[in-house]
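If you read the sequence from its start, that first residue is 1, and numbering goes on from there.
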Amino acid sequence: MELQSVKQRFGIIGNTPALNRALEVALRVAPTDLSVLISGESGVGKEFFPQIIHAYSARKHGNYIAVNCGAIPEGTIDSELFGHEKGSFTGATDSRKGYFEVADGGTIFLDEVGELPLTTQVRLLRVLQSGEFIRVGSSKAQKTNVRVVAATNVNLRQAVEAGRFREDLYYRLNTVPIAVPPLRDRQGDIHLLFRKFATDIAAQYHMPPIGLTHQARLMLESYRWPGNVRQLKNVAEQISAVEEKREIDPDILMRYLPDYTAPATRLVPMPAAHGGGGEFANATERDILYKLLFDLRGEVSELKGMVAELAANQHSGGGHAISYPASLPVKIGEQILPSAFAQPRNGSYIETAAEEVTADDAPEAGQAPQTKEEAQREAIVQALRKYRGKRKEAARELFISERTLYRKIKELGIRDEDIRF
């Protein structure tokens, strides 16, 4: 109930476990004065968490100041954070308080803290250690009581190793880490966020809200969203303003998703003997098994064609009988899979796939073997017929994702009339 109250208060939409965990940590650490480091990609909404921490802390009646460290020039950032004395540099016509002095008794949020110069990092470390700071151009130390919450979209651990960030400051800031998940890891929240953004802009400009077809929704959820929530909001606003049609299908949506087809058409490479390299390192186990299944179908079809051709030649022109060992290996790509691999114990996925593949009838003599594309098309059509066009169940039958099934349906040109159920 407390999480839902926080989400409603700050306009946070989503219910994925990673997001809920981040919010729970923020609420638990809020009553303390511990420093917090919020990490996450650009556009995930890191700026909400210091506001939550401040609002649920004993400092909620004090000042809350947010500072974008990456937007302040290196030559003036010390003056902005810690203040300066009159005449300390050219243009300093008056003394000025810095953010740490103004935020005394409250909370200061240092966004993009990884962009701080090394000299400023030394000053910040002193504030965290003793609560003391010195204005630029002054020799008198002053005290401040400030809660520091920092955020970054870079890996500070790597920045420490590269010498761009002080290790002692890193550990001071990272007393309590909070990791905000990227949008691609919040697949169940994507459509909720899109609908919220579309509704908001429709109400603002008095227009009918846009909606997504089922296929467009699957496409939206399968996109990687490199710009995260900020990019999703931008896409929803663009479509709402530009498109006359209010029901958005995949063809329309694809125009607003940069490079959507690139990851969809990329082949999943086969694993190396012991250390999958290249793109295989980023492939999911389901995609690998999917690739193995259809490669196996194609290879078995070719093997059946060879056997049928040899049998036809023997029948027509005589010749010596040819026997094949029961343990004949099946070649897939550059891998040699023995029969023991195709028939594992306990009814594993490969066993199921092998039974499905070998259930096909061998081609007649002289008939060209079935291509991989034909085998894929046949398997998908049969699964869709079996489940009366329900793609979720058909995808589960084929051990692939709905996204992959949707893509293969388009690639192989499968139409509704091909699925006769």
Salt bridge (charged side-chain N to carboxylate O under 4.0 Å, His left out) partners for Arg96, two or more places apart: Glu80

Residues [X] and [Y]: side-chain donor-acceptor under 3.5 angstrom:
X	Y	answer
Arg59	Asn145	yes
Gln382	Glu378	yes
Glu41	Asn153	no

Option from Gln231, Arg230, Gln238 for which side chain to side chain donor-acceptor pair (under 3.5 Å) with Asn234 holds: Gln238

Axial cation check for Tyr56 ring with Arg28, 6.0 Å and 45° limits: no

Tyr223 backbone acceptor or donor facing Arg184 side chain under 3.5 Å: no

Residues forming a side chain to side chain donor-acceptor pair (under 3.5 Å) with Thr144, sequence neighbours excluded: none

Sequence-distant partners of Asp189, side chain to side chain donor-acceptor pair (under 3.5 Å), two or more places apart: Thr16, Arg186

Point-to-point distance, once rounded to the nearest 0.5 Å, from CD1 of Ile12 to NZ of Lys7: 8.0 Å

Side chain to side chain donor-acceptor pair (under 3.5 Å): pairs with one or both residues in residues 208-221, sequence neighbours excluded: Arg217-Glu221

Pairs involving residues 124-134, ordered by first then second residue, that meet side chain to side chain donor-acceptor pair (under 3.5 Å) (sequence neighbours left out): Arg126-Glu132

side-chain contact (heavy atoms from CB on, under 4.5 Å) partners for Val176, two or more places apart: Val25, Val29, Leu34, Val36

Close side-chain approach of Lys408 and Gln376, heavy atoms under 4.5 Å: yes

Arg157, CZ atom: more than 12 neighbouring heavy atoms under 6.0 Å: yes

Result of checking Val146, Val102, Val149, Asn63 against Ile108 for side chain to side chain contact (heavy atoms under 4.5 Å, CB included): Val146

